[in-house]
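Here's the structure, in structure tokens; my notes come after.
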Amino acid sequence: MTIVIPTPLRVFTGGKDSLDVAAGTIAGALEELTTVYPDLRKHLFRAEGKMRAFVNIYLNDEDMRYLPEKEATAVKASDTLSIIPSIAGGVA
Amino acid sequence: MRDGGMGELRMSRAVFEAVRAHGEEAYPEECCGALLGRRVEGGWAVEAALRAGNTRTESARNRYGISPLELIGAKREAGRLGVEIAGFYHSHPDHPAQWSRTDLQESHWVGCVYVITAVAEGRATVSNSFLLEGTSEEDKRFEGQRIEVLEG
């Protein structure tokens, strides 16, 4: 499957905007990503290993949080996993 | 436009005006969107602005949010144009074009630009650009950038 790396995290991937990995689940794909690029880990996960709250993971067009099996969801070679830090703010 | 800080944000007059027009149309609510461009020496050159819906419908007068799904679409469009997501824009209705504490807390695209346009009584006034600098969530900060509007 293909993992799409957002602009702010490309500094940790040598500028690459995607990585093809062979993994069976979303968790497996993220594990491979952070094995290839260890510096990414702390930007995606908190110290205790949970995903940082502002990091959105989408399997194709589906938010991982709303998939019944979440990180354990099975993935296919043709799937795309997008890492999307949230975009928000405002006056107040 | 704001002096100080390092670097600059370049954009065409058409993109600059499109960002500001969006702020006027959305008034009294905040508008938001993505900026697509390429890295250049000293900053970013923005080539297109993509409008996004404001997901914060319950408090759209002082908050904004962009759906990750819209960002996936923006990324595809950036790929089609051969550019990157360079940053984002939003408006501050009846409030200065300065970043707020909320803006900093909820900005996570380090290395990208955040353009803020003040809209006073429905008219776009000042637009400022801020580069989110730092290496992590812990040391991130906004640095003001000069906006260079390219004519023609």
Side-chain angles (χ1 to χ4, degrees), chain A residues 1-20 26 30 34 37-67 70 78-92, chain B residues 29-30 32-34 36-37 39 44 52 54-56 59-76 78-79 84-88 90-96 98-112 114 116 118 132 134-138 140:
Chain A
M1 75 178 316
T2 301
I3 304 178
V4 178
I5 317 290
T7 313
L9 297 183
R10 285 180 208 155
V11 65
F12 308 109
T13 63
K16 284 192 66 170
D17 67 355
S18 66
L19 179 72
D20 290 325
I26 292 175
L30 292 173
T34 52
Y37 301 115
D39 291 345
L40 269 181
R41 186 174 293 274
K42 70 175 182 181
H43 299 279
L44 299 178
F45 300 99
R46 297 202 303 256
E48 73 274 22
K50 289 193 74 172
M51 183 77 65
R52 286 182 179 260
F54 63 84
V55 177
N56 302 284
I57 302 291
Y58 272 63
L59 178 61
N60 302 315
D61 290 344
E62 299 283 342
D63 188 338
M64 182 183 77
R65 295 184 187 94
Y66 301 116
L67 294 172
K70 305 189 187 313
S78 57
D79 285 336
T80 298
L81 198 68
S82 298
I83 301 170
I84 310 161
S86 65
I87 318 292
V91 168
Chain B
E29 299 185 343
E30 296 198 13
C32 50
L36 309 184
R39 292 176 199 275
W44 286 95
N54 185 350
T55 60
R56 297 298 300 272
S59 53
R61 289 184 178 219
N62 56 22
R63 290 293 183 97
Y64 80 96
I66 299 179
S67 159
L69 264 185
E70 288 214 71
L71 263 294
I72 290 174
K75 174 71 177 66
R76 287 195 191 117
E84 295 182 72
I85 294 177
F88 309 95
H90 72 282
S91 58
H92 280 180
D94 297 320
H95 198 84
Q98 296 296 324
W99 57 269
S100 67
R101 181 178 300 205
T102 302
D103 285 327
L104 181 60
Q105 283 173 344
E106 301 195 2
S107 292
H108 305 292
W109 288 60
V110 172
C112 291
Y114 288 75
I116 300 173
L132 188 63
T135 59
S136 69
E137 279 299 300
E138 289 68 38
K140 68 183 181 182

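Each chain gets a letter, A, B and so on, in the order the sequences are listed, and its residues count up from 1.
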Check: Quick one: what part of B:His92 sits under 4.5 Å from any heavy atom of chain A, side chain, backbone, both or neither?
Finding: both
Check: Do you know which of A:Lys42, A:Glu62, A:Arg10 has the most heavy-atom pairs with chain B at a distance under 4.5 angstrom?
Finding: A:Arg10
Notebook entry, point to check: How far does CG of A:Asp39 sit from OG of B:Ser136, to the nearest 0.5 angstrom?
Noted result: 12.0 Å
Next item on the list: Identify which of A:Tyr58, A:Phe54, A:Phe12 forms the greatest number of heavy-atom pairs closer than 4.5 Å to chain B.
Entry: A:Phe54
Notebook entry, point to check: Can you tell which of B:His90, B:Glu70, B:Glu84 has the highest number of heavy-atom pairs within less than 4.5 Å of chain A?
Noted result: B:Glu84
Next item on the list: Flag the pair B:Glu137 and A:Arg52 as a salt bridge only when some basic side-chain nitrogen lies within less than 4.0 angstrom of an acidic carboxylate oxygen.
Entry: no
Item checked: Value rounded to 0.5 Å, distance of CG in A:Asp61 from CD1 in B:Ile72 -> 5.5 Å
Next item on the list: Working to the nearest 0.5 Å, report the span between CD1 of A:Ile87 and CD1 of B:Ile85.
Entry: 7.5 Å
Next item on the list: First locate atom CZ of B:Arg39, then atom OG1 of A:Thr7, and finally report the distance between them rounded to the nearest 0.5 Å.
Entry: 6.5 Å
Margin query: Main chain of A:Gly90, side chain of B:Glu106: is a donor-acceptor contact present, judged purely on distance under 3.5 Å?
Written below: no
Checklist line | Contact class of A:Ser82 relative to chain B, heavy atoms under 4.5 angstrom | finding: side chain
Next item on the list: Indicate the atoms forming the closest heavy-atom contact of B:Glu30 with A:Gly89, along with that distance.
Entry: OE1-O, 4.5 Å
Item checked: Evaluation steps, side-chain contact (heavy atoms from CB on, under 4.5 Å), between A:Val91 and B:Tyr64 -> CA-CA 9 Å; A:Val91 168; B:Tyr64 80 96; over 6 Å; no
Next item on the list: Look up atom CG in B:Leu69 and atom CD1 in A:Ile84, then write down how far apart they are to the nearest 0.5 Å.
Entry: 7.0 Å
Margin query: B:Lys75 vs A:Val4, test: side-chain contact (heavy atoms from CB on, under 4.5 Å). Steps then yes/no.
Written below: CA-CA 9 Å; B:Lys75 174 71 177 66; A:Val4 178; 3.7 Å; yes
Check: For B:Glu138, is it the side chain, the backbone, both or neither that has a heavy atom under 4.5 Å from a heavy atom of chain A?
Finding: side chain
Item checked: For the student: nearest non-hydrogen atoms of A:Pro6 and B:Trp109, plus distance -> CB-CH2, 3.8 Å
Item checked: Partners passing side-chain hydrogen bond (donor to acceptor under 3.5 Å, both in side chains) against B:Gln105 (at least two apart in sequence or in another chain) -> none
Next item on the list: Check whether B:Thr55 gets within reach of chain A through its side chain, its backbone, both or neither, counting any heavy atom under 4.5 Å.
Entry: neither
